[in-house]
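The model shown is predicted, which means the values in this text are computed figures rather than measured ones.
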Amino acid sequence: MPKPAALDPAIAARLKRTTDGLVPAIAQQYDTGEVLMLGWMDDEALHRTLTTGRCTYWSRSRREYWTKGDTSGHVQYVKSVALDCDGDTVLVKVDQVGAACHTGDRTCFDAGALPVGQ
């Protein structure tokens with residue numbers, strides 16, 4: 001099996017990873033701004049995301065890569081990728097096809113708002 005190409009060293013140098021080598025990646029619907037989900041990426045997952053045009057994440061529980069939609073059909077087509085000012089979070093603007101959440105919901109953030117100011 002051929003070794004995958006490495007993440008661009010200039011991009012890799014900007015990342016501030018957790019002790020596990022991961023950065024949180026927020027997926028946001030590109031045209032509405034709706035926040036869809038949070039996943040985790042390492043250098044390889046980010047490289048795959050940037051080069052394939054589809055979001056690839058690292059599953060912390062399964063310890064493997066997964067490309068959103070490969071099993072569910074709920075694909076995330078990448079429109080843009082940005083790092084925050086600290087280099088410790090990735091924002092991926094996507095065109096989400098179907099549900100983003102593993103529960104089948106459009107977004108992972110619709111489980112109910114928490115009370116504020118009470």
Side-chain angles (χ1 to χ4, degrees):
M1 182 166 161
K3 184 178 183 211
L7 181 64
D8 180 327
I11 296 170
R14 294 175 58 195
L15 294 177
K16 291 184 184 158
R17 301 160 191 82
T18 65
T19 56
D20 294 335
L22 303 173
V23 293
I26 300 166
Q28 180 181 37
Q29 179 63 34
Y30 81 100
D31 54 354
T32 66
E34 178 182 31
V35 177
L36 300 168
M37 61 172 280
L38 180 135
W40 294 91
M41 292 184 179
D42 64 0
D43 288 25
E44 179 60 24
L46 181 55
H47 170 74
R48 292 181 188 189
T49 297
L50 292 169
T51 58
T52 66
R54 292 194 42 213
C55 282
T56 297
Y57 300 99
W58 174 254
S59 171
R60 296 178 302 164
S61 58
R62 295 188 314 267
R63 312 240 0 118
E64 65 184 13
Y65 295 103
W66 58 280
T67 301
K68 185 71 174 160
D70 275 359
T71 56
S72 68
H74 299 162
V75 178
Q76 292 176 340
Y77 293 106
V78 177
K79 297 294 187 175
S80 67
V81 179
L83 292 176
D84 75 343
C85 59
D86 295 322
D88 63 2
T89 304
V90 176
L91 175 63
V92 186
K93 292 190 179 181
V94 302
D95 189 8
Q96 176 70 49
V97 176
C101 188
H102 71 279
T103 65
D105 289 339
R106 168 81 181 160
T107 172
C108 293
F109 295 98
D110 64 356
L114 301 176
V116 177
Q118 295 180 1

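- The main-chain N or O of Lys93 is never found under 3.5 Å from a side-chain atom of Gln28 such that the two would form a donor-acceptor pair.
- Hydrophobic cluster membership is shared by Leu38 and Val35, with clusters built from Ile, Leu, Val, Met, Phe, Trp and Tyr side chains linked at under 4.5 angstrom.
- Not one N or O on the side chain of Thr89 forms a donor-acceptor pair closer than 3.5 Å with the backbone of Pro24.
- Atom CG of Asp20 sits about 8.5 Å away from atom CH2 of Trp40, to the nearest 0.5 Å.
- For the pair Glu44 (side chain) and His47 (backbone), a donor-acceptor distance under 3.5 Å is absent.
- Other residues, nucleotides and ligands contribute more than 12 heavy atoms inside 6.0 Å of the CZ atom of Arg17.
- By the ring-ring contact (aromatic ring centres under 6.0 Å, His included) test, Trp58 is found to be paired with Tyr65, residues two or more places apart in sequence or in another chain being considered.
- Clustering ILVMFWY residues whenever any of their side-chain heavy atoms sit less than 4.5 angstrom apart, transitively, puts Tyr30 in a cluster other than the one holding Val81.
- Arg54 places a side-chain N or O within 3.5 Å of a backbone atom of Lys68 that can act as its donor or acceptor partner.
- The heavy-atom pair separating Glu64 from Arg62 by the smallest distance is OE2-NE, 3.0 Å.
- A donor-acceptor pair is defined here as one N or O able to donate and one able to accept, closer than 3.5 Å; no such pair exists between the side chain of Gln76 and the backbone of Gly69.
- Between Asp31 and Lys79, none of the side-chain N atoms (NZ, or NE/NH1/NH2) sits under 4.0 Å from a carboxylate O, so this pair counts as no salt bridge.
- Here CZ of Arg60 is found 12.5 Å from CG of Asp42. Values are rounded to the nearest 0.5 Å.
- Between His74 atom NE2 and His102 atom NE2 the span is 13.5 Å, to the nearest 0.5 Å.
- Residues passing the side chain to side chain contact (heavy atoms under 4.5 Å, CB included) test with Ala25 are Met41, Tyr57, Val90, sequence neighbours excluded.
- By the rule that hydrophobic residues join a cluster once side-chain heavy atoms approach within less than 4.5 Å of another member, Leu91 and Leu15 end up as members of separate clusters.
- Within the 3.5 Å criterion, the main-chain N or O of Thr56 finds a donor-acceptor partner in the side chain of Thr49.
- Put simply, the side chain of Ile11 reaches to within 4.5 Å of the side chain of Leu50, judged on heavy atoms.
- Between the side chain of Asp105 and the backbone N or O of Cys108, no donor-acceptor pair lies under 3.5 Å.
- Taking every heavy atom of both residues into account, Thr107 and Leu36 meet most closely at OG1-O, 3.2 Å.
- Note on Leu46: it does not cluster hydrophobically with Leu22, by side-chain heavy-atom contacts below 4.5 Å among ILVMFWY residues.
- Shown here for Gln96 and Gln29, the closest heavy-atom pair between the two residues is N-OE1, 3.0 Å.
- In the hydrophobic clustering of ILVMFWY residues, with side-chain heavy atoms under 4.5 Å counting as a link, Leu83 and Leu7 come out together.
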